[in-house]
2 protein chains.
Amino acid sequence: MSNVKKGAINTAHTTSRATVLRLARYLRVLQKLKTVGIINVFSNNLGDAVAVTPAIVRKDFSILGINGNKRGGYNIDLLIEELRRVLGKTDSQRAILVGCGRIGGALLEYKEFVKDGIEIAAAFDTNPEKLNPDGRVPVLPVEQLPEYMAANSIHIGILAVPESAALPVFDTMVKAGIRGFLNFTTVELKCTGRCQYEECPHQCIVQNVNISLELESLFYLVNLKERGMVT
Amino acid sequence: MSNVKKGAINTAHTTSRATVLRLARYLRVLQKLKTVGIINVFSNNLGDAVAVTPAIVRKDFSILGINGNKRGGYNIDLLIEELRRVLGKTDSQRAILVGCGRIGGALLEYKEFVKDGIEIAAAFDTNPEKLNPDGRVPVLPVEQLPEYMAANSIHIGILAVPESAALPVFDTMVKAGIRGFLNFTTVELKCTGRCQYEECPHQCIVQNVNISLELESLFYLVNLKERGMVT
DNA sequence: TAGATTGTTAATCGATTAACAATC
DNA sequence: TAGATTGTTAATCGATTAACAATC
């Protein structure tokens, strides 16, 4: 619980995932604004772009020790620099992908990754037909995962295997050193910020993308809204 | 703001999206448990399965007016029935898909949808090569969207078009009657529960699935955690 | 200067948790 | 009965919002 070191983002009272999510969004928006030639941004600009109130933007920055000008807002270059510093913008954003089915295959070709400086360094599958060690992104047999990981310093993995393979593959990936997961399987790897998995002694961070569940809850939400039963 | 009718889920103090998400998850878990032959479930079973505390489970149910037995927990059949009632489990869970690129194409074949009783009734694209009006799922030109919608009562849509097309297509879909969106484009349709879009007078519900952003924030989270700067 | 925007405090809000009486 | 689990209240926690003094 209190394995949080001092001098951290958490110093005051604001926290973790939701905040980091917001910071990442601010950074993206700022980078876009910069290409348009904007020099100063105001808390309400950023608030609009990220759909939060200006007060939240200011508070977020205030907690991080980022200051603006009482009149001129925030200098975009400084702001970007500070956010990158806080977020520890790693120069290499490399991830591996396990599972090259429909979804995995789509991600292999996903152009946004390139735009955002994310690189899928290698992919893995069990199906011999999918293998392609010499492709733009090498597709290797899963057995080679530990070996590959040992030779490459990568900590983020995308999990896009069938339900039945999810748990064992998750395990393999954790053991091989993956610490952050983008999980497209239907198995909800029970993590809410902190990994609660017994097999995961490393407190990995798992972000579940449960497409089917999200679509299903949309049906409910729309239905409930029509019945006036939801905010 | 206060367009919430009375006698609603919101009666007391619990609310909307997070809650509905949880309810949907309970329901899924219950249906799985039922296939295994379970008859009674306890709040801690469900809590474990959905990664929340038993107290939350009980509170959720209590607010909905769902009661269990002090000793025997909840009867699974009754519980499923009640949840379906509350969620207004629509007999038809049909959605349309716009954009049949890599991601959209993967969703067209997504087997989980079938398992969960979700049907993609039709898909739309601008690329003539993608069209296939007579396929298992008909793929039609986007121009036919309004016409199709007029003839079919569907309110949920999946948006998987390129960034440049996102806004106009969103607009078209709203005008045609879509009220709930699963948005795979990088354009964040600014909705946090309530649609804030001017072009959207209907307060649609948008669920953004920003894969690239989620992956990127994973890099940050893992990095921050290593530096002890995050919960 | 006058006007606008920051930075911060205190108030509010809502959701989670602890705790325990009721009871099966 | 004894033990376990619900249902609910009150306490806690954390995040958002309102408001405004400071100041560029």
Side-chain angles (χ1 to χ4, degrees), chain A residues 1-2 4 8-23 25-26 38-76 78-79 82 190 192-194 196 230-231, chain B residues 1-2 4 8-23 25-26 30 38-76 78-79 82 192-194 196 230-231:
Chain A
M1 279 293 156
S2 54
V4 181
I9 281 194
N10 282 352
T11 306
H13 17 205
T14 299
T15 341
S16 88
R17 192 174 281 206
T19 309
V20 172
L21 240 302
R22 273 207 305 269
L23 297 180
R25 299 231 265 253
Y26 297 146
I38 304 281
I39 292 175
N40 289 302
V41 286
F42 302 109
S43 56
N44 66 353
N45 302 145
L46 276 174
D48 288 348
V50 173
V52 298
T53 62
I56 288 209
V57 176
R58 294 202 297 275
K59 185 139 214 187
D60 280 343
F61 291 170
S62 158
I63 288 169
L64 300 176
I66 297 175
N67 294 313
N69 300 63
K70 294 273 173 190
R71 184 68 180 71
Y74 302 82
N75 175 282
I76 197 169
L78 264 49
L79 194 45
E82 285 292 303
K190 287 168 219 159
T192 27
R194 198 184 333 263
Q196 297 159 353
V230 103
T231 338
Chain B
M1 276 301 154
S2 55
V4 183
I9 281 194
N10 282 352
T11 306
H13 17 206
T14 298
T15 343
S16 91
R17 191 173 285 204
T19 309
V20 172
L21 240 301
R22 271 205 307 266
L23 297 179
R25 299 229 268 252
Y26 298 146
L30 289 168
I38 303 281
I39 291 176
N40 289 303
V41 285
F42 301 110
S43 56
N44 66 353
N45 301 146
L46 276 173
D48 288 347
V50 173
V52 299
T53 63
I56 289 208
V57 176
R58 295 202 298 275
K59 185 140 216 185
D60 281 343
F61 291 169
S62 159
I63 288 169
L64 300 175
I66 297 175
N67 293 313
N69 300 63
K70 294 275 177 191
R71 184 66 181 74
Y74 302 82
N75 174 283
I76 197 167
L78 264 48
L79 193 45
E82 285 292 304
T192 25
R194 198 184 335 266
Q196 297 159 354
V230 103
T231 340

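Per chain, numbering begins at 1; letters A, B, ... match sequence-line order. Please read all numbers here as calculations on a predicted model, not as lab measurements.
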Checking D48(B) side chain against N45(B) main chain: does a donor-acceptor pair fall under 3.5 Å?
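Here the side-chain-to-backbone pair does not exist.
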
Between N40(B) (CG) and dC24(C) (P), how many Å, whole number?
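Between P of dC24(C) and CG of N40(B): 15 Å.
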
Could you tell me whether the side chain of [Y] reaches within less than 4.5 Å of the side chain of [X], counting heavy atoms only?
| X | Y | value |
| --- | --- | --- |
| L78(A) | I66(A) | no |
| L23(A) | L64(A) | yes |
| D60(A) | V52(A) | no |
| R22(A) | I56(A) | yes |

Any idea which heavy atoms bring I38(A) and V41(A) closest together, and the distance?
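Nearest heavy atoms, I38(A) then V41(A): CG2-CG1, 3.9 Å.
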
Which atom of N75(B) lies closest to which atom of N40(B), heavy atoms considered
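Closest heavy-atom pair between N75(B) and N40(B): CA-OD1, 3.5 Å.
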
With pairs taken as Watson-Crick or G-U wobble and both distances under 3.5 angstrom, which stems of at least three consecutive pairs involve DNA chain C?
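Correct response: C:3-24 with D:3-24.
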
For F61(B), ring-ring contact (aromatic ring centres under 6.0 Å, His included) partners two or more places apart
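Checked F61(B) against ring-ring contact (aromatic ring centres under 6.0 Å, His included); matches are Y26(B), Y74(B).
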
Which nucleotides of nucleotides 3-10 of chain C have their base under 4.0 Å from a protein heavy atom (B), which only their sugar-phosphate (S), and which neither (-), written as one string 5' to 3'?
BBBBBSBB

